[in-house]
Structure formats: C-alpha cells, structure tokens
Amino acid sequence: MEDMFGSDDSRTRYPTTLEPEPAQQDDGAVRKPVAPQPQPQIEPQAFGGPLILTVADVDQLIRRLGADGRTVIGPKVDGPVIGYQPIGGAADLPSGWGDEQGPGHYRLRRRDDDALFGYALAPTSWKRYVFPARSELFRARREDGALAITTIPPARPRYAFIGMRACEIAALDVQRRVFMRPEAPDPTYAANTQDMFVVAVSCGSPAATCFCVSAGTGPEASGGYDIRLTEVNSTPNSPDHYFVANAGTQAGADVLAQLACKPASDSETGAATQIVQAAATAIGQGVKLDDVHELLARNRENPRWDDVAARCLSCGNCTMSCPTCFCSDVVDENPIGDDGVVRARVWASCFGVSYSQMHGGNARTSTSSRYRQWLTHKMSTWVDQFDVSGCVGCGRCITTCPVGIDIRTELEAIRATDTATKYPESVRPQTDEGLAT
Amino acid sequence: MTPTVARVVDRVVEGPGTVTLVIELSDALTAPAPGQFNMLWAYGVGEVPISLCAVPPLTNVILHTIHDVGAVSHALCELRPGDQLGVRGPFGIGWDLTPARGQDVVVMAGGIGLAPLRPVVEAILADREAYGQVAVLLGARTPNDLLFPAETAAWSLSLQVETTVDRSAPGWTGDVGVVTTLLGRIRHNLTDAVAFVCGPEVMMRFGARALLDRGVSAEGIQVSMERNMQCAVTMCGHCQFGELFVCSDGPVFPWARVESMLGVREL
Ligand SMILES: Cc1cc2nc3c(=O)[nH]c(=O)nc-3n(C[C@H](O)[C@H](O)[C@H](O)COP(=O)(O)OP(=O)(O)OC[C@H]3O[C@@H](n4cnc5c(N)ncnc54)[C@H](O)[C@@H]3O)c2cc1C
Ligand code: SF4
Ligand code: SF4
Ligand code: FES
C-alpha cells in the first residue's frame, strides 16, 4: 500500500497555534476504576430489520461504495498474510482462506469452505489508514534568509472499511480519544475518519490469540458501524452461503436499500447468532482484566519485568501492530536535491532507543523499563489518561512478537507475584540514583 | 503543529554555550505564564522545548535562554539578529505563585534551570510586598556559567541571593559545592515556605529532600520536569512519566505529585 504512506494521502494542515492544555486535576492518591471498553449500543431494529445478502450482494456493496467515490479497503491475501488492502469487489476477498495465529506464529490456512471472512484478523491493523505511519505536516523553504511555510491541505480519502472486527472498531474509539480531544483535534485523524464508512463483520473463526471477550470488545460489534454483517456458510440449518446484515446508521440503511435484498427469517438470524455465540465460547473469558489497572500500578518493581526483558528484543513489533498505539516522532526531513524541508510525523515506539532520550541522559535505557512502560501504559496509565483501557484484546502483539511474548501470560505472571519487588528494603535504591540529568 | 515564523531581534551571549534570544513574532502568542514553554524550530534541524525565560508585557516579544547541548539547541544558539525561526506555544502548566503569596519563598535553580525561574523572581519583585522573605539559591558549573549576572546582582538588593559553583575559577571568592548546601544560609523558619525548584533531575531530588528536611511540605515544593518532547500537545507520547504527560499536565508539578514516581527507577 505504497500510496497510503506517500505524500498525497496524508497531507494535512494544522492550526497555527494550539492552545495550552488545561491542568488535569489529580491528587495522585485516588485512582480511577477500570473503565469498560466503549461499546456504543445501536438499537437492533433502529434502522430496519436484518436483511439477507448473498456473495453477489457483498460484491455489489463493495462496488457501490467505490462508485460513490470511496477508497474501499478490505481483507485480501497479500503474500503470506491477509492484509487490509484496496479492494474492488468480492473477488478480492480472501475466499476460502483462514489464518492460524499464536505467540510469534502466523500461517494462512485453506478452509474447507469458501467463506469470505473466514479468518480472525489481519496482523497489521487499520491504524495505518487513519493514522498513517508517515504524514507530512508542512513544507518549508528558506529564501534570502526568510522562512516560507507551506501548509498542506488535508486529503479527505473517504474510506470505506470492509470487514472491521468488533475489537478493531473499539480500537478506533480508543484512538479517537487520543487524537480528537476537543481542545486540539488532530487534522490528519479528523480528515481520515470524518467521512469513513464501516462495514463490520462479526467473528466466526477467532484465533488462539484473541481475547476480546475478556476485554469486553467482541466478538460482535454492538455499535460503531454503518453496516454489520454476519457470515453464515454451510451451517446444518441452511446449506447456502449468506450474510445477515444489520444497518447501524441511516447511511448504512440507505446503501442496503439500494441492494434490494430480502428480510432475514428467524432461522437465518438464529444461525448468525449461533455463530457469534460459538465464537464467544471458543474465545472464552480466560483473561482476568478487571483488576489490571491497580495491579500494574502497584507492580512497577516486580522482578517479572526483568524476566520478560531477558526475552524481549526491544524490536517494537508489538507497538507497530497494535491498533491503539499512537506514539510518533516529529522530524525535519531534508530531501536530497531539494533545498526545502518537509516536517513529518512518523510512528515511534516506546521500545526505541531515542524514544525517551534527553540531552543529558535517557529516561528508560533498560528493556525491562521499556516493556514495563508499554504494558503498564496499555492497561493501566491509559485508563488514567483517557478513561479507557488501551488494550482491546485483538492479540496482534502476541502474533507479531518474534519471540512469542504473550501479554496474557505476562499479566498472569505479574498477578502470581503481586507486589513482589526486586528491591527489598535493604537494597532499595535511594531516590538520588537513576536519571542524573 | 505548524509553527509561526518569528525573527531574532537580539542575541545576548550569557556565558560559554549559552545564549538568550529576543524573538519578535508577527502574531502575538497567547499571553504566556511563568514556567510555560515554547517549541522552537531551527529550520531543517528540528524542534525542541524551551522555557520562556521572561514574560514581557508585549506578547509578540519573547525571550528564550538556550544552552547549546546538541543539534537543535546549537542551531538555535547560532541564530543572529535578523535570522528567522519557528515558534509554537505557549504550552504546559507553569509555576503556581498563588500559594506563595503571603509566605516565605525559596527559589532553587541549577544551571539552565534558572531560565524558567527568572519570571518567578520577576513576578515576586513586581509585587514584592505580597511575599514574605525570599531566598534565591543559584548553582552553576563554574563562575563563567552563572546566568544573568546583572539581573541576579540587582535582585540581591531586595531578596536574599546566594550563589555557588561546582568548580571554582581564578577570582571566585564565593561558595563551592552543590546548590542544596545554600539552604543552610537561610536563617528563617521554612515550615510554611513555598519552594520553586528547577535544574537537573538529580539536583531536584536532592533539593526537594533538603527542603523537606527543613520543614517545607511536599505540597509546598514545585519542580519543573524534563522529558523528551516531540509534539507538546499530548499526542506523541514521548513525554509520559507514569500517567502524566509532562507537556500538558506539567512541566511544573507539586513535589507531592511526583515524589513516589521519581523513586521508581527508569519510570
Ligand atoms: C519543558 C522544557 C523546558 C526546557 N527549557 C529549556 C530552556 O529554557 N533552555 C534550554 O537550554 N533547554 C531547555 N530544555 C531542554 C532542551 O529542550 C534540550 O536541551 C533540547 O531538547 C536538546 O536538543 P538538542 O537537539 O540540542 O540535543 P540533542 O541531544 O542533539 O537532541 C536530539 C533530539 O532529542 C530530543 N531531545 C533531546 N533532549 C530533549 C529534551 N530534554 N526534551 C525534549 N526533547 C529532547 C529532541 O527531539 C532533539 O531534537 C527544556 C526542556 C523541557 C522539556
Ligand atoms: S496490546 Fe496487544 S492485544 Fe491489546 S490492543 Fe494492542 S496489539 Fe491488541
Ligand atoms: S514484546 Fe515482542 S514484539 Fe514487543 S518489543 Fe519485545 S520482542 Fe518486540
Ligand atoms: S510532548 Fe508529545 S505528548 Fe507530551
């Protein structure tokens, strides 16, 4: 998806001066309870009853959204993985392909049916469309000592995202809270999301890495979509291949109306419900998350951070693949052969060497402190900052970690050694140790 | 995150590798408060957070004192009158002078840490009657590195100003040692005093502990934190310190807010 990272789709304009932030009132003692993940609720029948779509209707849906001037992105086999790529019709979808995911493990698998959405989720998220890995903020030039800044008007891509999973919709909301604060909304994120169209697809084939049920985000979206599809394929009740469609917005209902499909029967919606329930059962409630906000806040000196650091490569894959990680560097680029400067915002990782660098020293040099920063931010301090957990339970960080570090296992290990400390009172470092800058 | 173009109108060399730039903006900034900072952009090199070292009445003129420590700060220090740069800001929560009114005050600065504290002293001088006894404790590496010698000499007419250096030099007859030792020079009781502290993190930890020992409350001590900053608008993540964003929740914090976190290694 070269063009998504290129200059054209990510141009943006920032307001000249941003107001300072108001102070956050926090006395340091009282901690917020763990907030459940946001699940906007759409009344089931608010935009009409469920309809039945065929594979040909799904193809029509994609084509109509494209004909409407939208950039349609959906799942597609892309080399050895399923990726979220521009698609033109149902033929681009990964028909008959599934995925197998585990710690440090990803394989495409042939299914024994022709399901269009028969995989769990792509190992890279939708994040790169709404928050591109590189976006240009402005261009500047110096002529006769005078600086001339050219702002770059924001592109408005009008995305249609086909096949968003429930956890991925929750991730959009998590990032929205970061980028769309009313005091300082981010123009790039605003331009990329303000006119997007979301076609959610409920999960029928979750992976071993999924823990959305524990995170409260899936496997079926209860809101945040224009249209929600549940794919039914060769169930005992109905041998044919169809999709139960619900509209979540008027825009979604309007698009569905153009397809002129028939209403779903009770047995058809029943089959869809069964699929989602089976997925929820398969995923299970296995990961205890209701206490992690407090748990991680009180375990900053747990020796387990050194244990995971002995395995972690500080590669940052987890942060790049995570749909909610939002960190970035702001850099001056000086293109060769051009006497101008491009100011760009590029993804950064808290595992990076320069992330916490200051002129006099680095706040976090050890991998132990970086992993702790990552996991504690995800599941604990994020709640303090944005009233929501930074983890939606998609499992990408587990799949994409080259050494197979599993966030669920690490949490359990911390819980099993709750309040253990690598600094018993006798060897506790004095507060004057540490950062000497 | 686009800066406004601004012009250097004066450049004062404060000492080896330290320069004060007087910068004129075409558009007035939001009136800054003591302890706030701007993002200064050196064309083609980068953008760094620099405190406002004075809060002049004209909001289209700003002063920044910059210590040359790396690529961006060097490029900024090399600017000459007439040169242009980019400015964004002001950002952050600065010093809270309200609790200091009617109380004794300690201002403790190490090195370039005096830059963000200078507007505090100026504000006190502008309304001298509103404050009790005021002590300004200054530390620098060498006598040559002492910032704003003319101003600090003038301050000593109405405030207690104590100075120390890490390393002496010919002609220096003052103290040698860390800035915290100057607390011993303050004879009055500090129990209800309010302290403003800025300098290297290790100095702030020592300084806060010495102030606590002298009876100042943890709420009564304010420190200005430093972290890597890329955006200054709570979006890049770099400045996080526990759950705090130093750029927008700070950079100034009550000691009570950050003390336990500063005790955690590499937080
Ligand atoms: C709130 C605040 C106020 C400050 N006020 C002043 C001041 O009044 N005067 C002064 O001389 N210095 C001040 N500093 C420190 C100053 O920002 C750093 O010295 C400067 O960023 C170093 O950048 P450099 O490119 O010169 O150094 P390098 O070591 O070459 O840094 C390379 C890059 O690292 C990043 N970086 C390094 N150190 C820091 C840092 N401390 N904060 C953020 N990013 C950093 C920058 O992106 C920089 O481009 C302040 C810092 C903060 C956080
Ligand atoms: S932390 Fe891992 S499981 Fe949680 S949202 Fe990020 S990638 Fe998904
Ligand atoms: S946890 Fe895994 S993916 Fe993340 S930085 Fe460490 S080695 Fe890389
Ligand atoms: S400087 Fe970017 S979040 Fe604080």
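As the structure is a prediction and not an experimental result, all values here were calculated from the model. Sequence lines set the chain letters: A, B, ... in the order given, protein chains first and strands last, and positions in each chain run from 1.
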Would a line drawn from the ring center of Trp41(B) to the ring center of Phe138(A) be shorter than 6.0 Å? yes
So which of Ala42(B), Pro32(B), Gly70(B), Gly46(B) has the largest heavy-atom pair count under 4.5 angstrom toward chain A? Gly46(B)
With a 4.5 angstrom heavy-atom cut-off, is it the side chain or the backbone of [X] that approaches chain B, or both, or neither?
X	value
Arg372(A)	side chain
Ala348(A)	side chain
Ala148(A)	neither
Ser368(A)	neither

Would you check, one step at a time, whether the test salt bridge (Lys or Arg N to Asp or Glu O under 4.0 Å) holds for Glu243(B) with Arg300(A)? CA-CA 13 Å; Glu243(B) 65 271 33; Arg300(A) 283 170 169 153; 3.8 Å; yes
At a 4.5 Å cut-off on heavy atoms, which part of Leu267(B) comes close to chain A: side chain, backbone, both, or neither? both
Does a salt bridge link Arg343(A) with Glu47(B), judged by any charged N lying under 4.0 Å from a carboxylate O? yes
Testing the basics here: between Val330(A) and Gln230(B), what is the closest heavy-atom pair and its distance to 0.1 Å? N-OE1, 3.0 Å
Donor-acceptor pair, distance only, cut-off 3.5 Å: does the side chain of His238(B) make one with the backbone of Tyr355(A)? yes
Distance only, no hydrogens: is a donor on one side chain within 3.5 Å (strictly under) of an acceptor on the other, for Gln240(B) and Gln385(A)? yes
